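Once you've had a glance at the structure underneath, I'll fire off some questions.
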Amino acid sequence: MTNSNRRTFLKATGVGLLSGLAGCTRGGDGSDGSGSDGSSGGSDGGTSTDGSDGELAIPLSEYEDADIDWRQFEGSSINIGAVQHPWVSAIKPAVPVFEELTGIDVVWNVLPEQQFRTKRQTDVSTGAGQFDVFYMDQVVNQFREEGWIQPLDPFFDDESLFDEDWYDPDDLFEASRWQAHGGGYSDTWTGMPITVEVQTQFYRKDLYDKHDLEVAETLEEFRQNAQTIHENESDVVGTVGRGDKGYGMNIYILNTFLREFGSSLWTEFPTDSGLDSDGVINAAEWYVSLLQDYGPEGASTQTWSDVLSTMQEGRAGHIVSDANLFWPGLTGSDSSVADTIGIAKVPSPADGQFSPNAFNWQISTSKNAQNSEQAFLFMVWASSQPTNTWMHVKGDAAFSVRQSVWENDEFRSRVGENFAQVTLESLQEAAPDPFDRKYPEWGQRYSEELQRAIAGQKSAEEAMTQAASIAEDIYSN
Amino acid sequence: MSTPTQTETTPQSTFARLRDLWNDYLPYWFMAPMVAVMVMITFFPGAYDLYLSLIAEPTLDVFAADFVGLRNFETAFTRGGAIHSFVITITVVVSALLLETILGFVLAALVAGVGSGRAKSFYRVLFIIPMAVAPVSLATIGRIMLNSEIGIIPYVINTGTPFAAPNFLSEIPLLTVILLDAWNWTPFMFIIFYAGLSSVPKTLIEASRVDGAPMWRRYVHVIIPYMKPVVFVATLIRLIDLFRTFGVVYGLTGGGPGTATQLVSINIYEQMFINNQITVAAAIAVVYLVLVVALCNVIIAKVGFEGVWD
């Protein structure tokens, strides 16, 4: 490795770590996920406006068509517990609109991810009920089964709080609605989805042109492309992907491929994890050998930020599959290969089903919250079409859970036609992880086994068989 | 006719009794604030940890808690990986302590033997620098320097030696962790041993030299025995600190690959904040606390007061 490469890597690593990619799925990775919003506590209360001209960011008329009694809780306030995350930055300028519309003050409690998790756990388990609204992730079913979060269905049924025609819930991606129902484990709404990311493939167009390669649609084509670049380019590896353990790390990627190989997590819940099925073992063998043969040295320790910075620095031909939210980081000023990055749907087996993994953040309310109805009004307002469209067209957001936003011409023009279309098609076919009650526990162990396989400590088959045994043992006890 | 009862008291007698109470228990009153502080900062957290380890789900309402006996301990030692993490921790603690003690002493002896005062100052500053690096910075520096693609250490090994550099973080992660800790904390041992060597009376060394003892004999029979208390205190402090190691290892390997470097502290953290198994984390912490305190007490009892502080 040359000195200039080393310098560039150090620069790219620093920039990559600091870039606002807090939206990339995490959990079980130890990162506290510092994002672009560093505020904590305080209030955005009052009727402040966006900009200096005294006008609200979004006209109130956008919400007045709704058959909702927006002002029924005038004079109250809600506490929102959130992680440092681009969604918070994107929606904050519009919050004065909500406050003007409803007369409800919004108080933010924004914390780094791990600190927030601890505070949230304390808040719900002790019955403190400090947060009326809080971020919710992979622990949703654990919280639901403990009785800590409140189903939203009664609020949806309340005509003064919700207008189905105006809100248009069918505009939310099916995958997002499914994940908001506890990933299929709940018949009721556990929260409202606010962001979604889906896995896509990133590749170097210049290297594809140089070696006369076609964008891969199948796993075999992808492997051949990776091999060609790996063997013909110095200082550029064929591919790069998450190898580190953590349920937001290597298994977040592998889960796409195991579905494409015709398998799934928990083929029979809670007795058969499916992790030792042929589909999972084949997927693991493919992913492990891909990283071992055409990935960087030490692929087993690569986190999402390592993957991003490796690609940003131009040291990899592809990212096999990862969050579409990498797009701004790969094509922006942080990237030394910004003009050469292409995006495509993730490859699938020749006889498999295209099924990219996706991850949603949602906001929920607890059973002990003092102002759950006000919280629900905030959720409806925040995820409604006018607010969501404004965040994506006027702001810099690119994680909408609404199909209409991804089809919006103005938005597509801002983010790029190809990025929007690939993301839209991927989201329409997305198969998010179903987070059962003990997912954090067995998911961590499953990811440790996969990491051992990527590190060459055991075969993929041995690792997945062990992972299956661990997952099933956790439920049998 | 009424008579005064014997139980009636005057203000003076009450004051006198309080004064006697104060005087009789004077040492205890002086100790009371410290006892209160110790209860708050040591006893209460320990007791709360024990409480958490015995209940099904965390709750502040003790009367509503569902006590489950030793079930969390059973979980910790069956599927919680407690035994594995204890083995890893003992391996790291023993290896790193030995390495740091030996290296620290050798470095201290070498610097003490340097004639020039200016050179001594230079070496003292040079050797102390690694100790000043924060754990998270050290882990980040380590990850970059050991990276097989762009790290300076694999580059030097590959270009400067006939050997191929191993992949430090995936092939030899435990050894890498031990070596990084040794690099970080050998300066601590160095500085204490250097101070200890400086305190050895020159007359003793002169006398042994006059008697014709070679250098290694002077160290074995004069200097090291004289430094026994210093060595004991330094290793005990470092031993306790090694049991608390977390940041460097977590930042460097995250406890992996798999669980190859999963110290007890990392296991507790993962059970607590990743798996949300708070009560299992508490159970591991209780066992760990008891073992470390017991070990330290045994060392102090068996080694500390036999010829060291007598």
Side-chain angles (χ1 to χ4, degrees), chain A residues 1-2 5-10 13 17 27-30 114 117-118 121-122 125-128 139 142-143 146 235 237 243-247 249 296-301 303 306 310 313 315 438 440-445 447-458 463 470 473-474 477, chain B residues 52 56-61 64 71 74-75 78-81 136 139-141 143-152 154-155 158-159 164-171 173 246-247 250-260 262 266-267 269-280:
Chain A
M1 192 60 37
T2 63
N5 275 346
R6 189 166 291 109
R7 276 197 299 274
T8 319
F9 172 82
L10 294 174
T13 302
L17 289 172
D29 62 355
Q114 284 303 353
R117 284 170 191 262
T118 309
Q121 176 93 17
T122 309
S125 63
T126 60
V139 295
Q142 188 180 31
F143 275 45
E146 294 294 344
D235 294 343
V237 294
D244 207 356
K245 66 177 177 176
Y247 51 77
M249 285 293 170
E297 290 288 326
S300 66
T301 58
T303 63
D306 295 326
T310 303
E313 201 203 339
R315 292 190 299 108
K438 296 187 177 180
E441 188 177 357
W442 67 261
Q444 180 74 10
R445 304 295 302 279
S447 73
E448 287 171 2
E449 290 301 319
L450 180 58
Q451 189 187 26
R452 286 193 176 101
I454 297 170
Q457 294 176 356
K458 56 168 67 174
I470 291 168
D473 182 52
I474 284 171
N477 288 311
Chain B
L52 282 176
E57 291 294 338
T59 172
L60 288 178
D61 185 354
R71 196 178 76 190
E74 184 190 349
T75 305
T78 50
R79 67 170 198 255
V136 68
T140 307
I141 292 167
R143 275 185 83 104
I144 294 171
M145 289 180 66
L146 295 169
N147 188 297
S148 296
E149 292 291 317
I150 47 80
I152 185 72
Y155 176 80
N158 287 331
T159 55
N167 192 306
F168 288 92
L169 298 182
S170 58
E171 289 175 14
F246 176 79
Y250 196 77
L252 190 68
T253 66
T259 52
Q262 192 180 56
I266 293 176
N267 192 15
Y269 174 83
E270 290 192 347
Q271 293 290 349
M272 179 93 183
F273 295 111
I274 307 296
N275 299 353
N276 273 337
Q277 299 288 313
I278 295 171
T279 52
V280 174

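The shown structure was predicted, so the numbers you read here are calculated from the model rather than taken from an experiment. Chain naming here is simple, since letters A, B, ... match the order of the sequence lines and numbering starts at 1 in each.
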Non-hydrogen atoms of chain A under 4.5 Å away: do they reach the side chain of B/E270, the backbone, both or neither?
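For B/E270, the side chain is the part near chain A, not the backbone.
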Report which part of A/Q121 has an atom under 4.5 Å of a heavy atom belonging to chain B: side chain, backbone, both, or neither.
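Contact with chain B: side chain only.
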Taking all non-hydrogen atoms of both residues into account, name the closest pair between A/Q142 and B/N275 and its distance.
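Residues A/Q142 and B/N275, closest heavy atoms: NE2-O, 4.1 Å.
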For B/I274 against A/Y247, the heavy-atom pair lying closest together
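Heavy atoms of B/I274 and A/Y247 come nearest at O-OH, 3.4 Å.
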To the nearest 0.5 Å, tell me how far A/Q444 CD sits from B/Q271 CD.
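Answer for the CD-CD pair, A/Q444 versus B/Q271, is 9.0 Å.
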Heavy-atom pairs under 4.5 Å with chain B - which of A/T122, A/D473, A/I474 has more of them than the others?
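Most heavy-atom pairs under 4.5 Å with chain B: A/I474.
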Toward chain A, the part of B/I278 with a non-hydrogen atom under 4.5 Å
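For B/I278, the contact with chain A is made by the side chain alone.
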Among A/V237, A/T303, A/T301, A/I454, single out the residue with the greatest number of heavy-atom pairs under 4.5 Å to chain B.
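Of the options given, most contacts go to A/T301.
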Let's test your reading of the structure: which of B/P257, B/G255, B/G254 forms the most heavy-atom pairs below 4.5 Å with chain A?
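Top count of heavy-atom pairs under 4.5 Å with chain A: B/P257.
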Over 12 foreign heavy atoms within 6.0 Å of CZ, B/R79
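Atom CZ in B/R79 is crowded, with more than 12 foreign heavy atoms closer than 6.0 Å.
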Counterpart residues, side chain to side chain contact (heavy atoms under 4.5 Å, CB included), relative to B/E74 (two or more places apart)
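Side chain to side chain contact (heavy atoms under 4.5 Å, CB included) list for B/E74, sorted by chain: B/T78.
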If you look at every heavy atom in B/G258 and A/K245, which pair is closest and at what distance?
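Minimum heavy-atom contact is O-NZ, 3.0 Å.
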According to side chain to side chain contact (heavy atoms under 4.5 Å, CB included), who are the partners of B/T259, at least two apart in sequence or on a separate chain?
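With neighbours one apart ignored, the set is A/E448, A/R452, B/H84, B/Q262.
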B/N276 portion near chain A, given a 4.5 angstrom heavy-atom threshold:
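Looking at B/N276, backbone and side chain both touch chain A.
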